[in-house]
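For reference, the structure is listed below as structure tokens.
If you read the sequence from its start, that first residue is 1, and numbering goes on from there.
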Amino acid sequence: MTDPQGGLRGWAAARKAVLSRLRFTSLRLRLVVVFGLVALTAAVSASGIAYWLNREAVLTRTQDSVLRDFQQEMQNRASSLPVHPTQDELQHAAGQMANSSQHFSVLLVAQDEHGRTVAGNSALDTFTLEDVPKSLRKAVDRQQAVSSANKSPYHLYWQRVVEGDKPYLVGGAKVIGGGPAGYMRKSLEPEAKDLDSLAWSLGIATGLALIGSALLAQAAATTVLKPVHRLGIAARRLGEGKLDTRLRVSGTDELAELSRTFNSAAESLEKTVADMSAREEASRRFVADMSHELRTPLTAITAVTEVLEEELDAETGGIDPMIEPAVRLVVSETRRLNDLVENLMEVTRFDAGTARLVLDDVDIADQITACIDARAWLDAVELDAERGMMARLDPRRLDVILANLIGNALKHGGSPVRVRVREEGEELLIEVQDHGPGIPEDVLPHVFDRFYKASASRPRSEGSGLGLSIAMENANIHGGGITAANAQGGGAVFTLRLPRDASPLIAEETRNGNGTEENAR
């Protein structure tokens, strides 16, 4: 059977890797796109300007040449015709005019002696008056007043038109002093083909410029992002605790300065962490040494207090009533000091990483019952747990957790304390609820802090402040945890979450070289 949670974790890890990869390439993609857009804009602008300038130059040159020849032919041929020519005369003149070097079509229009409109067309192709725009005809026929600024009543007019998909240049003029009106039409299709070839060439050049910019952007992105990628790897290694990570610095640019800054920060961090680790190790060693040193005299004091306690309980009244309160105070404080030393030694083991699990198969209900019975809490605790609910845990550490949680509930919340056990997948949930006033909201985030006491005015009545912290450490070493909250009906609720089987933690610690003891019973 497959592990669905493992599959989900694998999918999540793969998704995270893909997203990380996409985030890395997105910056490269943005650089390439920006380079491409800049190059495309520049290439299109340059190509557009070049095309427009060449188009105007080609068309203007052709147009000027054609119109100049047409005007010359009008002066040489059309002006020699009579005022009222015949159609044959117009046809002959139009044919002669069309034989110019520009080879344009010619249409001559006049009125004969009877007032009828006659026209003569060159033989090159069919060119009628319908092919001439009306606006151009009106402009040619319009007679203007002669003045110092306008010395001729008639002028040469031209217009570029498109018929179908073919461009033409159409021009017209009228003989001064009376005579026919002449029109010419010149196909601009060769020039259009030349301009199309130019447009294709400019388009190819634009495409090559875009490809070149993309390659340049790729090279630039590689140059820029490679140091950034190395910096990201170094930062990730630094976050993993490899404080000796450094970057190789070359050059004097901003990225090199960034690498130097990273190296300086990493060096400072390494030194700070080393100093803190040394101080922490010294503090931990001091607590451990102090705890060990206290155990010898504390053992002797405990033996004396036990004798004194027996005398207090003796029926003969061996203790003077005047010193009895002092003796009871010494006995109580000795027990408290003994618990404090044991707790300090336990905390030291957790801090040093020497705490180990000794696993065994545990019936949860029996374990909780034994914990309650050993501390004479049977009358104050209600247990809601099914028999036969087995788990592979460390029974000693589970007893420590339960004793701290139930004892804390009895001390601060009051009885009855309800302990409820339920299963949730592969985990066990043990809830310890009291019926007290609950935990103040400002205290909830700190209940598992070491030496934290909700009431600073009663430092001696609240214990050492290590019980819940030790309970949390024992839960964590099992791969579980503890949460604190307030119940809706009143009172505090501590929820212990533990795995049904802590054996995988042992296998993991064994692979990591830590070594873990396991009960072989």
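Distance check, rounded to the nearest 0.5 Å: CG of Leu202 to CG of Leu198 gives 4.5 Å. The distance from atom OG1 of Thr495 to atom CD1 of Ile430, rounded to the nearest 0.5 Å, is 10.5 Å. Taken to the nearest 0.5 Å, the CZ atom of Arg420 stands 12.0 Å off from the CG atom of Leu383. Considering CD of Glu189 and CG of Leu195, their distance stands at 12.5 Å, rounded to 0.5 Å. Rounding to the nearest 0.5 angstrom, the gap separating the CE atom in Met389 from the CG atom in Asp366 is 11.5 Å. Atoms CG and CG, on Asp373 and Leu378 in that order, are 4.5 Å from each other to the nearest 0.5 Å.
Judged purely by atom type and a 3.5 angstrom limit, Asp399 has no side-chain atom pairing as donor or acceptor with the backbone of Pro395. Of the possible polar contacts, one joining the Asn474 side chain to the Ile470 backbone as a donor-acceptor pair under 3.5 Å is found. A donor-acceptor pair under 3.5 Å is formed between the side chain of His478 and the backbone N or O of Asp394. A donor-acceptor pair is defined here as one N or O able to donate and one able to accept, closer than 3.5 Å; such a pair exists between the side chain of Asn54 and the backbone of Ala50. Side chain of Thr41 to backbone of Leu37: a donor-acceptor contact under 3.5 angstrom is found. Distance alone, capped at 3.5 Å, is enough to place a donor-acceptor pair between the Asn486 side chain and the Ile439 backbone.
Nearest heavy atoms, Thr245 versus Lys242: OG1-O, 2.7 Å. Counting all heavy atoms, side chain and backbone alike, Gln433 lies closest to Gly490 at NE2-O, 3.9 Å. Closest of all the heavy-atom pairs between Asp363 and Arg387 is OD2-C, 4.2 Å. The two atoms that bring Glu386 and Ala365 nearest to each other are O-CB, 3.7 Å, heavy atoms only. When every heavy atom of Trp377 is checked against every heavy atom of Ala403, the shortest pair comes out as CH2-O, 3.6 Å. In plain terms, the two heavy atoms of Gly467 and Asn404 that are nearest each other are CA-OD1, 3.0 Å.
The shortest distance between side-chain heavy atoms of Arg375 and Cys371 falls below 4.5 Å. With contacts defined as side-chain heavy-atom distances shorter than 4.5 Å, the pair Arg246/Glu267 qualifies. For the pair Val421 and Asp384, the minimum side-chain heavy-atom distance is 4.5 Å or more. Here the side chains of Ile482 and Ile401 are in contact, with some heavy-atom distance below 4.5 Å. Residues Ile368 and Val381 are not in side-chain contact: their nearest non-hydrogen atoms beyond the backbone lie 4.5 Å or more apart. The closest side-chain heavy-atom distance from Leu398 to Leu496 is below 4.5 Å. Looking at heavy atoms from C-beta onward, Asp361 lies out of side-chain contact with Leu393 at the 4.5 angstrom threshold.
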I would like to know whether Arg396 and Val358 meet side chain to side chain contact (heavy atoms under 4.5 Å, CB included); could you show each step before the answer? CA-CA 8 Å; Arg396 184 187 72 83; Val358 181; over 6 Å; no
Test side chain to side chain contact (heavy atoms under 4.5 Å, CB included) on Leu243 and Leu238 and set out the steps. CA-CA 5 Å; Leu243 302 180; Leu238 198 65; 3.9 Å; yes
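Pairs passing the salt bridge (Lys or Arg N to Asp or Glu O under 4.0 Å) check and including a residue from residues 479-505, sequence neighbours excluded, read Glu423-Arg500, Glu424-Arg497, Glu427-Arg497.
Atom CG of Asp379 has 12 or fewer heavy atoms from other residues, nucleotides or ligands within 6.0 Å. Summarising the local packing, CD of Gln488 is surrounded by 12 or fewer heavy atoms from other residues, nucleotides or ligands at distances under 6.0 Å.
Listed by chain and residue number, nothing satisfies the salt bridge (charged side-chain N to carboxylate O under 4.0 Å, His left out) test with Asp196 (two or more places apart in sequence, or in another chain). With sequence neighbours excluded, no residue forms a salt bridge (charged side-chain N to carboxylate O under 4.0 Å, His left out) with Asp434.
Remark: Lys166 does not engage Glu163 in a salt bridge, criterion side-chain N to carboxylate O under 4.0 Å.
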